[in-house]
Amino acid sequence: MVIAPDFDSRPIISFQSVWKRYANGTEALKDVSLAVPEGDFIFLVGPSGAGKSTMVRLLIREEKPTRGRILVDGINLGPLPRRKLPHFRRKVGLVFQDFKLLPRLTVYENVAFALRVLGESRDAIERLVGDALETVGLANKGAKYPRELSGGEQQRVAIARALVPGPRLIVADEPTGNLDPATAWEIMQLFLRINASGSTVVMATHNREIVDLLRRRVVAIEDGRIVRDDRSGTYHEDLATSALRA
Ligand SMILES: Nc1ncnc2c1ncn2[C@@H]1O[C@H](COP(=O)(O)OP(=O)(O)OP(=O)(O)O)[C@@H](O)[C@H]1O
Ligand SMILES: [Mg+2]
């Protein structure tokens, strides 16, 4: 039997006319609409202060939209009650620029932490953490502490931690911002592999070289608005493409 691809399947992320005003009055997002199909890999680019991290914070429900709707995997995040947050957060893996590892816990315990909170069994934790460390190439570093690792290795631990609950969506805010170019490239390869295995990846980045090399979907934000959304985009607007549009 041939199963036709489901082109109409619901997007894993949907921003519908989203506005975000912070308490101090800053309008960080203005009428942002975006649909991300499952399996996509998208770069969020734009100048400092454009609203990229705000989009990330809304996506993980660290902030709520002032107006409009945000759906992640069919869940409407605005009215989502607090008690449903842990279940929701399990669907989303997070990676930050500064790794955010717990310094007093070993690599293994950093990755296992979320699973312990979720009440997984010892056996399941051992298996899942082992798999995640294997995926990021750190199977033999479980007993180390974050301070004993290089920046690239610490980011790998953070990625293992993001992957371990089996999220369908990975959201990364400048994950290569603190890394040298070669290490950044290795980390990016890891995200590509994760995406190839089926997870959707949304990444805010200033890394022009990587964006230009990979030619993935690029969503550009300026002053709180989406100004460009290219299927196979570059960091800056491609002048040839914009000439064609004109
Ligand atoms: N908690 C906050 N309270 C008030 N204003 C905020 C808050 N967080 C961000 N902003 C403002 O919202 C706007 C968007 O900020 P955001 O952090 O989303 O930008 P960004 O695109 O991630 O920038 P960068 O590339 O520097 O990380 C900026 O004007 C910023 O000053
Ligand atoms: Mg930011």
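Treat the numbers as computed from the prediction; the structure is a model and nothing was measured. We count ligands from 1, going down the list as the structure has it; atoms in each ligand are counted the same way.
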Query raised in the report: Is the shortest N/O to N/O distance between Lys52 and ligand 1 below 3.5 Å?
Result: yes
Report task. Please confirm whether Ala28 comes within less than 3.5 Å of ligand 1 when only nitrogen or oxygen atoms on both sides are compared. Result ->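 No; the residue has no nitrogen or oxygen that sits under 3.5 Å from a nitrogen or oxygen of the ligand.
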Distance under 4.0 Å to a non-hydrogen atom of [X]: what atoms of ligand 1 satisfy this?
{"X": "Asn24", "result": "4 (C), 5 (N)"}
{"X": "Thr54", "result": "14 (C), 15 (O), 16 (P), 18 (O)"}
{"X": "Ser53", "result": "17 (O), 18 (O), 20 (P), 22 (O), 27 (O)"}

Query - Any Gly46 heavy atom less than 4.0 Å from ligand 1 - result: no
Query raised in the report: For ligand 1, is there an atom lying under 4.0 Å from some heavy atom of His206?
Result: yes
Could you tell me if the side chain of [Y] sits less than 4.5 Å from the side chain of [X], heavy atoms only?
{"X": "Leu34", "Y": "Ile226", "result": "yes"}
{"X": "Pro11", "Y": "Val36", "result": "no"}
{"X": "Ile12", "Y": "Pro37", "result": "no"}
{"X": "Thr205", "Y": "Leu44", "result": "no"}
{"X": "Glu63", "Y": "Tyr22", "result": "yes"}
{"X": "Phe99", "Y": "Val157", "result": "no"}
{"X": "Phe113", "Y": "Leu105", "result": "yes"}
{"X": "Met188", "Y": "Val211", "result": "no"}

Report task. Between Arg57 and ligand 1, find which residue part has any heavy-atom pair under 4.0 Å and reply side chain, backbone, both or neither. Result ->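 Side chain only; the backbone of Arg57 stays clear of ligand 1.
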Return the residue, atom name and 0.1 Å-rounded distance of the protein heavy atom closest to [atom].
{"atom": "atom 28 (C) of ligand 1", "value": "Gly49 O, 3.6 Å"}
{"atom": "atom 11 (C) of ligand 1", "value": "Thr26 CG2, 3.7 Å"}
{"atom": "atom 6 (C) of ligand 1", "value": "Tyr22 CD1, 3.2 Å"}

Query raised in the report: Counting backbone and side-chain atoms alike, does Ser53 have an N/O/S atom under 2.8 Å from the Mg ion (ligand 2)?
Result: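 Under 2.8 Å: Ser53 contacts the Mg ion (ligand 2) through an N, O or S atom.
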Query raised in the report: Is the closest protein non-hydrogen atom to atom 26 (O) of ligand 1 under 4.0 Å?
Result: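 So atom 26 (O) of ligand 1 has protein heavy-atom neighbours under 4.0 Å.
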**Report entry** Protein contact for atom 30 (C) of ligand 1 (heavy atom, distance under 4.0 Å)
**Finding:**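 No, there is none.
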Report task. Could you tell me whether Lys144 atom NZ has more than 12 heavy atoms of other residues or ligands within 6.0 Å of it? Result -> no
